[in-house]
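Here's the structure, in structure tokens; my notes come after.
Lettering of chains follows the sequences in order, A, B, ..., and the numbering in each one begins at 1. Worth saying up front: this structure is predicted, and the values here are computed from it rather than measured.
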Number of protein chains: 2
Amino acid sequence: MTHTRTTRLERGRSALGPALELVHTGRAPTRAVLTSELGVTRATAGAVAAELEALGLITVDSRPTASAGSQGRPSHRLFLDENGPVVLAAQIHADGYRTALVGLGGRIVATESGCDTIPADPAHVLAEVVASGAGMLERTGRRCLGAALAIPSAVAEPDGEALNPLHLAWPTGAPVRRLFRRALADARIPGVTAGIGFTGNDVNLAALAEHRHGAGRGARDLLCVASGHRGVGGALVLDGRLHSGSSGLALEVGHLTVNPEGAPCHCGSRGCLDVEADPLAFLGAARRAPGPEGSLLRQATDLLREEYDDPSVRAAADLLIDRLGLGIAGLVNILNPDRIILGGLHRELLGADPERLRAVVADRSLWGRSGGVPILPCSLDHNSLVGAAELAWQPVLDDPLVVLEEGAASG
Amino acid sequence: MTHTRTTRLERGRSALGPALELVHTGRAPTRAVLTSELGVTRATAGAVAAELEALGLITVDSRPTASAGSQGRPSHRLFLDENGPVVLAAQIHADGYRTALVGLGGRIVATESGCDTIPADPAHVLAEVVASGAGMLERTGRRCLGAALAIPSAVAEPDGEALNPLHLAWPTGAPVRRLFRRALADARIPGVTAGIGFTGNDVNLAALAEHRHGAGRGARDLLCVASGHRGVGGALVLDGRLHSGSSGLALEVGHLTVNPEGAPCHCGSRGCLDVEADPLAFLGAARRAPGPEGSLLRQATDLLREEYDDPSVRAAADLLIDRLGLGIAGLVNILNPDRIILGGLHRELLGADPERLRAVVADRSLWGRSGGVPILPCSLDHNSLVGAAELAWQPVLDDPLVVLEEGAASG
DNA sequence: CTTGCTTTGTACCGACGGTGAACAAAACAC
DNA sequence: GTGTTTTGTTCACCGTCGGTACAAAGCAAG
């Protein structure tokens, strides 16, 4: 009993995790490339693939593949098991929440959204979120291996308090991770034990998702900047791992100075990115008052898309692009990423005038002339949600044999 | 012949490198703690230690240790072999150069300095530097495993050009790494092949040295800020590895805005850290003209130490501390390090009024109130030099068996 | 000094993962 | 059809590491 456990935890095929990660991120479509990517012999790669298949995580298609092309015996193709286990991912945002069951590869199996107005009691919201997930699990009959939550706030490590849940009407410092774990424990979802239940900042998790499955694939040092409702968020993925700082508070980029004569900010300075390049700032620059319905992001996006011909809108867009570019240039000087991805309003601004933004960044970053950093729009739907799922999948990617634990509890 | 080679390169005791690193950084004083730190059995740790001893890298002292204290059989103590191999480290700075032979553990075995005025031809300087190192190797009879160079300039990866060797009178973009390697190859130092010859920014390497052997030991995310002559440099060590960005240009912190009404900077903005918090700025704030002799750092340091009673000097120090604190706070918001180390003039400013700097950083960083980041002065002599040695040692720390290569070539 | 107790080092065995080689299989080229 | 190329599979061998048993070296108590 204990014997098999220790054996499994400490030894175990060391290539199992890397192999699953390669399939998970789409870098190992066949067993042959899995062999070369892992740097092992064909025999080992075969054993690893067989073991992952036995764990119910991938499928090995040995039938003759129709895809021709090169010479030699065609390699067996590797797929993520479409009926394999899932994780429960949830996102809370200004307009409500969204939950999803997410399989390996960032595949959304089922999703729900609800609750337009978020009550001030986080425990209540989280119970509703977990109930939504439990319902989807019930209906789909999937096995659930973990759960994670994305929130629009800095998340303090190691305990996961929400430090600035500004547009959630939640109390500052709310112990969101603990509340989420308790909600999960109360719901008694099979497979999801109280030990699981990660929580992270939504922009951080979006960056993680884009890095693994979206526009950030292949980047080594990936910087993401996004603005969803109020303020500006940043995230950084280094060597495939999210850098959230020693206490989870890294990449609070909102207080870079981008306009010395700008509006005062609650941080004590003036002209911060937070108040100069978010949806509200855009509406203000275009001399539109924020309307009562729809999120600020939606109002700003609609304005940008539908009235870009209007000179005042265009001027506002140019102004925000210049400020955003200044902020990004500052980050480039500090972080020197090899790719930048923009989300939310900033994605729209990039779409409106890509050249202007790239020119500003190249001009104001120290070494911008030599090449320039690629700046791309984010490319995934629900990327924060998928990123939360990545968080929940991480233990499995680190050691796929964990799926054997609690195996009897699967629903 | 080739058999042993492949065996050595691909397999080999996986714990060998980590074990050497533990002894190297002083975290494994005895075999017992080596066992627990590595998380292996006593038997394995014993075999690993014996192998490292056989490689001539460490010595295992099995004699009865005089140090008593705890109960039970005293553990064998582990030392770095004092007569073991060394690497050649060199640093070029505004006042000349310094070379050293550095053993494991950052121990400087021999050192030389020279050449007060650096000629404009880097190849000439590097030849002189290498000749100095070769001389020391000759005299000491040590075996040399590698060589590395620290320069006061951003170093572009992957080729190692000096991008802004401002106070060296070297041409911008000089291929320093290539020139250094050529100088090494020309000198035909046994053991140092042309394949070795790393180059890095001096502040980056100082940070690496402080992380492993100095005030940064134990930090997970370490930020260093220093000002030596002109401008301000930064460096970041994440999870024990230097983060120099995708093209080596990270942590160019000199162009953070710290004084919106400040002096114009060549980057196009105004009030940049570079021109507001370096030795020249300090002299200016104290209304002293830079003198003809001694580096700017020395002049500023002398002024700060010897005339701190002078109100104008004290006011200048306070001003620079405030500006520096603003810049550091910005970096804290972006990087969220768990420790900060200051070098050069900034180390002196910290020493002059530690509380003022810590207060400014805590006040202007977003989450500074909750604890506050420890800010410490750097603690090593010649930390850039030791950091360069770390670079040269890295291949050995990654796989200690490389010392067997070129073994016959040892002098 | 002798007898425990505790901690560490060593010798040995067994388990197991991975390599390497030989062989079989599945495609294309001629 | 016969080669050639690439891939999958089987199997023997080797090395590393875990685990156990035992010896060694100190302190503590009598």
Can you find a side chain N or O atom of B:T41 that sits less than 4.0 Å from OP1 or OP2 on D:dG18?
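Yes, because at least one side-chain N or O of B:T41 sits under 4.0 Å from OP1 or OP2 of D:dG18.
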Think A:S14 has a side-chain N or O under 4.0 angstrom from the OP1 or OP2 of C:dG18?
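Yes, because at least one side-chain N or O of A:S14 sits under 4.0 Å from OP1 or OP2 of C:dG18.
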So what does A:A45 hit on the nucleic acid, given a heavy-atom distance under 4.0 Å: a base, only sugar-phosphate, or nothing?
nothing
So B:A47, base contact, sugar-phosphate only, or nothing? Heavy-atom distance under 4.0 Å.
nothing
Specify the separation, in whole Å, of atom [atom1] of [X] and atom [atom2] of [N].
{"X": "A:R13", "N": "C:dT19", "atom1": "CZ", "atom2": "C1'", "value": "13 Å"}
{"X": "B:L34", "N": "C:dT10", "atom1": "CG", "atom2": "P", "value": "13 Å"}
{"X": "A:L401", "N": "C:dG17", "atom1": "CG", "atom2": "C1'", "value": "13 Å"}
{"X": "A:E51", "N": "C:dC16", "atom1": "CD", "atom2": "P", "value": "12 Å"}
{"X": "A:R77", "N": "C:dA26", "atom1": "CZ", "atom2": "P", "value": "16 Å"}

State whether the side chain of [X] and the backbone N or O of [Y] hold a donor-acceptor pair below 3.5 Å, judged by distance alone.
{"X": "B:R107", "Y": "B:E82", "result": "yes"}
{"X": "B:E390", "Y": "B:L208", "result": "no"}
{"X": "A:R177", "Y": "A:T199", "result": "yes"}
{"X": "A:S246", "Y": "B:D221", "result": "no"}

Scan residues 19-28 of chain A against DNA chain D and write down, sorted by residue number, each residue with any heavy atom closer than 4.0 Å; if none is found, say none.
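Within residues 19-28 of chain A, no residue comes under 4.0 Å of DNA chain D.
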Check side-chain contact (heavy atoms from CB on, under 4.5 Å) between A:A209 and all other residues, then give those that pass, not counting sequence neighbours.
A:L380, A:N383, A:V386
Just jot down the side-chain contact (heavy atoms from CB on, under 4.5 Å) partners of B:N83, sequence neighbours excluded, or say none.
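Expected list: B:D81, B:R142.
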Listing request: all ring-ring contact (aromatic ring centres under 6.0 Å, His included) pairs with a residue in residues 24-49 of chain A, at least two apart in sequence or in separate chains.
A:H24-A:H213
Among C:dG20, D:dT16, D:dG19, which nucleotide sits nearest the side chain of B:A43?
D:dG19
Output every pair passing side chain to side chain donor-acceptor pair (under 3.5 Å) with a member in residues 32-43 of chain A, not counting sequence neighbours, ordered by first then second residue.
A:T41-A:T44
Could you encode protein contacts along nucleotides 1-7 of chain D as a string, one character per nucleotide from 5' to 3', using B for base contact, S for sugar-phosphate-only contact and - for no contact, with a heavy-atom cut-off of under 4.0 Å?
----BBB
Under 6.0 Å from the CZ atom of B:R27, do we count more than 12 heavy atoms belonging to anything else shown?
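Yes, the 6.0 Å shell around CZ holds more than 12 heavy atoms from other groups.
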